[in-house]
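We name chains A, B, ... by the order of the sequence lines, and we start the count at 1 in each one.
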2 protein chains.
Amino acid sequence: MRSPNELARKFREKQLKLTPQRQLLFGLLHQNDSHPSAENLFEAASKQMPGISLRTVYQTLGELAEMGELQMVDVGTGAKRFDPNISDHHHFVCESCGAIRDVEIAAKPKLRDGSGKFEISQVGVVFHGRCENCVPSAKRSPAQQVKQKATKK
Amino acid sequence: MRSPNELARKFREKQLKLTPQRQLLFGLLHQNDSHPSAENLFEAASKQMPGISLRTVYQTLGELAEMGELQMVDVGTGAKRFDPNISDHHHFVCESCGAIRDVEIAAKPKLRDGSGKFEISQVGVVFHGRCENCVPSAKRSPAQQVKQKATKK
DNA sequence: TTGTTAGTTAGCAATAGTTGCAAAATAGAT
DNA sequence: ATCTATTTTGCAACTATTGCTAACTAACAA
Ligand SMILES: [Mn+2]
Ligand SMILES: [Mn+2]
Ligand SMILES: [Zn+2]
Ligand SMILES: [Zn+2]
């Protein structure tokens, strides 16, 4: 899933052209486990490909998500996040620095609901709190892993 | 928490004036367990108080949330939802009709994470799927409990 | 190589949801 | 009845994202 041929083949079989923009974004995302937003990826991409359009970033991320090559995650902090880790996992969001970390849930939750006739296709669990860099005891300054321009509450 | 005096006192002690708009919205929300959006409440309020402003609805809901009188819930379907049920619970969102139902999680999840030094202040669990009115076997037409103007994916 | 063209990109307008701002209105106290 | 700190409103502004379309180009042929 990381070799250039692999990528080329995957694109071809979905009749998607192997454009420089797609290669760049795919690569950037896979080097990035910080759960970047489209804007974050646009900034990163712009460094290597000045002039790339934000529209293309959205477009491409959408396509990769449809292809199952990445997960679109909404942790409720405004912009959607893009995650190359497509395994079934959940997230912890630091309220202080905005960092997002993967979290595994050990116990499979058992729903307690009257009817019990639901058909569940997706479960999203988001923990909000402070990460180890941000809990008061830790003196270090917040990590600020992901640039957040206007940390909207 | 439902008598008129109770309400008046609560507002007074936070030095909030007991305006007709606030009374109306507080009442509407407490009669409504469908997890309405600001827009939904605005429509409902407009019937009883034509001319009320959407801005006031947002303002008031924000205040009530700060007062701890309601929960603002983001289930990732676009607009925030407002919930008079302030107990610690989670949600199920039907992908077909948009209905949102309360869900209790029986087992307390145990986080499995290397560091384990997080300080968690809030956990949000959102289940997406189809409700009993919308699972294929059920012939009934989708409930359409909450008007969704443009069911954005 | 040189076409040919289906698929792609970039730019910009438009949208949804929500908040900022300032002027007009009013609850509640005197 | 008067006063004034709050509140309400209308509207502009804003963020994140999508729609539309003209210009561009990867991939396949000739
Ligand atoms: Mn993740
Ligand atoms: Mn609820
Ligand atoms: Zn942090
Ligand atoms: Zn349903």
**Asked** On DNA chain C, nearest-nucleotide positions of B/T19 versus A/M49: which is more 5'?
**Response**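 On the 5' side of the pair lies A/M49.
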**Message:** Using heavy-atom distances to pick each residue's nearest nucleotide on DNA chain C, tell me which of B/M72 and B/L16 is more 5'.
**Reply:**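 So the residue in question is B/M72.
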Can you tell me the distance, in whole Å, between the [atom1] atom of [X] and the [atom2] atom of [N]?
X: B/D74; N: C/dA16; atom1: CG; atom2: P; result: 18 Å
X: A/L25; N: C/dT9; atom1: CG; atom2: C1'; result: 12 Å
X: A/M67; N: C/dT8; atom1: CE; atom2: P; result: 11 Å
X: A/E66; N: C/dT8; atom1: CD; atom2: P; result: 12 Å
X: A/Q59; N: C/dT8; atom1: CD; atom2: P; result: 8 Å
X: A/L64; N: C/dT8; atom1: CG; atom2: P; result: 12 Å
X: B/E63; N: C/dT18; atom1: CD; atom2: C1'; result: 15 Å
X: A/R81; N: D/dT17; atom1: CZ; atom2: P; result: 10 Å

**Prompt:** Minimum heavy-atom separation for B/L29 to B/P84, with atom names?
**Reply:**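 Of all heavy-atom pairs spanning B/L29 and B/P84, the closest is O-CG, 3.4 Å.
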**Prompt:** Taking all atoms of both residues into account, what is the closest heavy-atom pair of A/A38 and A/F82, and its distance?
**Reply:**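 Scanning both residues completely, I find the closest heavy atoms to be N-CE1, 3.7 Å.
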**Request:** Give a yes/no answer on whether the side chain of A/Q15 brings an N or O atom under 4.0 Å of OP1 or OP2 in D/dA26.
**Result:**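 Looking at the OP1 and OP2 atoms of D/dA26, neither is under 4.0 Å from any side-chain N or O of A/Q15.
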**Request:** Look at A/R55 and D/dT18 and indicate whether a side-chain polar atom (N or O) is within less than 4.0 Å of OP1 or OP2.
**Result:**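 Indeed not, no polar side-chain atom of A/R55 lies that close.
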**Parallel, tilted or perpendicular, as decided by the 30° and 60° cut-offs, for the rings of B/H89 and B/H35** =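 Because their plane-to-plane angle lies in the 30° to 60° range, the rings of B/H35 and B/H89 count as tilted.
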**Prompt:** Any salt bridge between A/E13 and A/R9, counting N to O under 4.0 Å?
**Reply:**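 Salt bridge between A/E13 and A/R9, a charged N being under 4.0 Å from a carboxylate O: yes.
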**Request:** To the nearest 0.5 angstrom, please state how far the CZ atom of A/R81 sits from the OG atom of A/S34.
**Result:**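 Rounded to the nearest 0.5 Å, the CZ-OG separation comes out at 7.5 Å.
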**Request:** Classify the nucleic acid contact of A/G51 as base, sugar-phosphate or nothing, counting any heavy atom under 4.0 Å across all strands shown.
**Result:**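 Since only primed, P, OP1 and OP2 atoms lie under 4.0 Å of A/G51, the category is sugar-phosphate.
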**Asked** Base, sugar-phosphate, or nothing for A/Q21, non-hydrogen atoms under 4.0 angstrom?
**Response**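 Sugar-phosphate, backbone atoms only, no base.
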Output the single nucleotide from [options] whose closest atom is nearest the side chain of [X].
X: A/Y58; options: D/dA16, D/dG10, D/dT7; result: D/dA16
X: B/L54; options: C/dT18, C/dA10, D/dT8; result: C/dT18
X: B/K17; options: D/dT8, D/dT18, C/dT26; result: C/dT26

